[in-house]
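Read through the structure below, which is laid out as structure tokens, and then see the notes.
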Protein chains: 2
Amino acid sequence: MAKTGDRSRAVPGSPLDALPFALDRTSPVPLYYQLAQQLESAIEHGALAPGNLLGNEIDLSARLGLSRPTVRQAIQSLVDKGLLVRRRGVGTQVVHSQVKRPLELSSLYDDLETAGQGPTTHVLRNERVPAAADVAAALGVAEGSEVIVLERLRATHGQPVAFLCNYLPPDLLDLGTQRLESTGLYRLLRAAGITLHSARQTIGARSATAEEAALLAEKAGAALLTMQRTAYDDTGRPAEYGTHVYRASRYAFDFQLLVRV
Amino acid sequence: MAKTGDRSRAVPGSPLDALPFALDRTSPVPLYYQLAQQLESAIEHGALAPGNLLGNEIDLSARLGLSRPTVRQAIQSLVDKGLLVRRRGVGTQVVHSQVKRPLELSSLYDDLETAGQGPTTHVLRNERVPAAADVAAALGVAEGSEVIVLERLRATHGQPVAFLCNYLPPDLLDLGTQRLESTGLYRLLRAAGITLHSARQTIGARSATAEEAALLAEKAGAALLTMQRTAYDDTGRPAEYGTHVYRASRYAFDFQLLVRV
DNA sequence: TAGTGGTCTAGACCACACA
DNA sequence: GTGTGGTCTAGACCACTAC
């Protein structure tokens with residue numbers, strides 16, 4: 001028989017029972033999303049400890065007054081984030097390790113700002129030029145056609161961190177030098193209604209040329225971290241092509257990955 | 001009125017109509033997965049060109065004899081892969097740009113092998129040692145407790161590419177030096193039943209020390225690409241901690257990203 | 001044998017985009 | 001308006017795991 005109401009079993013598995021989930025059906029926020037957020041914060045705050053079982057989806061949905069697919073959608077979004085693991089026949093558990101950031105297509109400006117570094121930007125160049133071969137190929141325009149070139153020096157605490165060279169299709173928008181100095185390029189693109197969708201990146205290293213060394217306050221020959229990136233908007237159109245060099249002594253790429261399944 | 005059967009409209013949007021979808025309900029492969037694969041290969045082969053609309057989900061499910069949620073699940077999986085874009089009120093479209101690889105937690109060995117480079121590995125060290133502080137912290141074991149240390153030199157075409165230093169919990173498995181020389185570490189872990197789940201990575205650069213230069217056939221002071229990684233299994237337990245250095249002249253990290261939504 | 005997640009169905013209503 | 005995807009429901013049966 002079903003053991004409904006049988007407290008003697010004293011299941012240790014589900015601290016979820018004590019959690020006060022509050023779902024607001026009048027809110028425009030989807031129910032599965034409300035649930036996912038509350039589960040995530042419960043994990044974040046330790047109310048759901050690593051290894052804890054969530055309890056089966058049927059009971060959970062009954063208790064929350066939601067249908068099972070809705071509950072599954074919430075759980076699935078956290079599985080995708082790497083916070084939960086499902087095992088058929090076993091249950092859904094909180095992952096042990098701390099997963100924080102999946103790799104994001106983030107701008108250097110945002111990275112530094114998030115790290116509390118108070119980045120500053122100096123625009124060295126902002127003009128329209130004929131596209132060189134590599135730029136034309138990356139942006140999908142004809143060689144020699146006009147593109148915007150942007151050269152910026154980024155610093156934190158008064159010390160240079162990176163030299164950024166970016167190319168943009170000419171019709172996208174005109175970027176005010178002032179605005180470029182007060183925020184990041186990606187934020188400007190987003191504000192202009194361009195939603196980035198994907199990007200192709202290459203990260204490498206090389207020795208600094210004399211010019212780069214001078215710009216970045218390094219010695220000639222110092223190791224630099226390099227990144228080339230082409231970013232595409234959600235129609236698949238190239239929105240930006242950039243070649244960046246970072247002082248290896250002051251910057252590194254740091255991120256979390258989930259294994260493809 | 002509905003325009004069912006009205007051919008005069010000559011909708012140009014859905015080349016999907018001509019596609020021969022074959023769903024096998026007796027197969028153990030889920031229906032949504034069968035559909036997703038066939039859609040993906042249609043995109044791959046150009047039967048569905050970039051910008052093409054898929055046609056609405058209701059009609060599609062009716063035509064395929066599937067329910068709408070099942071069709072949505074198939075479409076969603078391709079959206080997650082970055083092949084399709086959905087727009088409410090508009091439809092589902094094939095993305096223009098070629099999206100190939102999302103960033104994977106791949107091993108260097110696999111990377112090189114995929115690139116047809118025929119990698120070789122020389123094991124320099126494979127023994128048990130007391131864990132140093134950083135290693136102990138990364139693997140979540142006590143400082144001074146026994147761990148496996150692995151030092152390998154990887155080459156392609158007879159030229160060194162990278163020096164790999166890895167640490168593993170001692171109870172995981174014993175790695176035969178022979179097997180290590182014939183395949184990648186991650187493949188061995190997988191074969192031992194360890195499924196990797198996530199990893200934390202830092203990619204940076206620095207100048208080569210004299211020893212590194214000698215090992216990698218570079219000049220002292222040459223720019224090297226560095227990577228530190230801690231990989232976790234699906235219970236969140238650290239499975240591997242590694243510090244790798246790559247010859248910048250022969251290797252770079254190359255990958256595709258999707259923007260988080 | 002019992003319990004779990006994995007898959008699937010056949011509907012419903014809503015929010016948003018575009019003409 | 002009309003059509004699209006976004007969300008949600010209330011069931012069903014299956015496959016796998018553990019006991």
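In what follows, chains carry the letters A, B, and so on, assigned in the order in which the sequence lines appear, proteins first and then strands, with residues in each chain numbered from 1.
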Quiz item: Looking at CZ of B/Arg72 and CD1 of B/Ile58, how far apart are the two atoms once the value is rounded to the nearest 0.5 Å?
Solution: 9.5 Å
Quiz item: What integer distance in Å separates A/Gln73:CD from C/dT7:P?
Solution: 15 Å
Quiz prompt | B/Tyr32 side-chain N/O to C/dT7 phosphate OP1/OP2 under 4.0 Å | solution = yes
Exercise. Going 5' to 3' through nucleotides 10-19 of chain C, assign each nucleotide B (protein heavy atom under 4.0 Å from a base atom), S (under 4.0 Å only from sugar-phosphate atoms) or - (no protein heavy atom that close).
Key: B-B--BBS--
Exercise. Nearest whole angstrom, please: distance from the C1' of C/dT4 to the CD of A/Gln76.
Key: 15 Å
Quiz item: Starting at CG of B/Leu23 and ending at P of C/dC8, how long is that distance when rounded to a whole Å?
Solution: 10 Å
Self-check item: Value in whole Å for how far the P atom of D/dG6 lies from CG of B/Leu84
Solution: 12 Å
Quiz item: Is any side-chain heavy atom of B/Val94 closer than 4.5 Å to a side-chain heavy atom of B/Leu48?
Solution: yes
Exercise. List the atom of A/Thr230, the atom of A/Pro238, and the distance in Å for their closest heavy-atom pair.
Key: CG2-CB, 4.5 Å
Quiz item: Tell me: CD1 of A/Ile58 to P of D/dT9, nearest whole Å?
Solution: 14 Å
Quiz prompt | Nucleotide nearest A/Arg72 (side chain, heavy atoms from C-beta), chosen from D/dT9, D/dT7, C/dG6 | solution = C/dG6
Quiz item: Within the structure shown, what part of the strands sits under 4.0 Å from B/Leu31 by heavy-atom distance: base, sugar-phosphate, or nothing?
Solution: sugar-phosphate
Quiz item: Just by modelled atom types, is the B/Val141 backbone N or O under 3.5 Å from a matching donor or acceptor in the B/Ser145 side chain?
Solution: no
Quiz item: Is the distance from OP1 or OP2 of C/dG6 to the nearest side-chain N or O of A/Arg86 less than 4.0 Å?
Solution: yes
Quiz prompt | Spacing of A/Leu53 atom CG relative to C/dT4 atom P, expressed in whole Å | solution = 10 Å
Quiz item: Is there a donor-acceptor pair closer than 3.5 Å between any side-chain N or O of A/Glu181 and the backbone N or O of A/Val123?
Solution: yes
Quiz item: Short question: side chain of B/Ser61, backbone of B/Glu57 - any donor-acceptor pair under 3.5 Å?
Solution: yes
Self-check item: Bracket string, DNA chain C, 5' to 3' - pairs by Watson-Crick or G-U geometry under 3.5 Å, | interstrand
Solution: ||||||||||||||||||.
Practice problem: Could I get the full list of salt bridge (charged side-chain N to carboxylate O under 4.0 Å, His left out) partners for B/Arg87, not counting sequence neighbours? | Solution: A/Asp234
Quiz item: Under 4.0 Å between a side-chain N or O of A/Thr92 and OP1 or OP2 of C/dT4?
Solution: no
Exercise. Round to a whole Å and report the spacing from CG of B/Asp59 to C1' of D/dT4.
Key: 11 Å
Practice problem: Starting from P on C/dC8, measure out to OH on B/Tyr33 and report it in whole angstrom. | Solution: 13 Å
Exercise. Output yes when a side-chain donor or acceptor of A/Gln38 lies under 3.5 Å from a complementary backbone atom of A/Ala22, and no otherwise.
Key: yes
Quiz item: Can you check whether A/Asn56 has a side-chain N or O nearer than 4.0 Å to OP1 or OP2 of C/dT4?
Solution: yes
Exercise. Look at the side chain of B/Gln34 and the backbone N and O of B/Val29, then say whether any donor-acceptor pair between them is shorter than 3.5 Å.
Key: yes
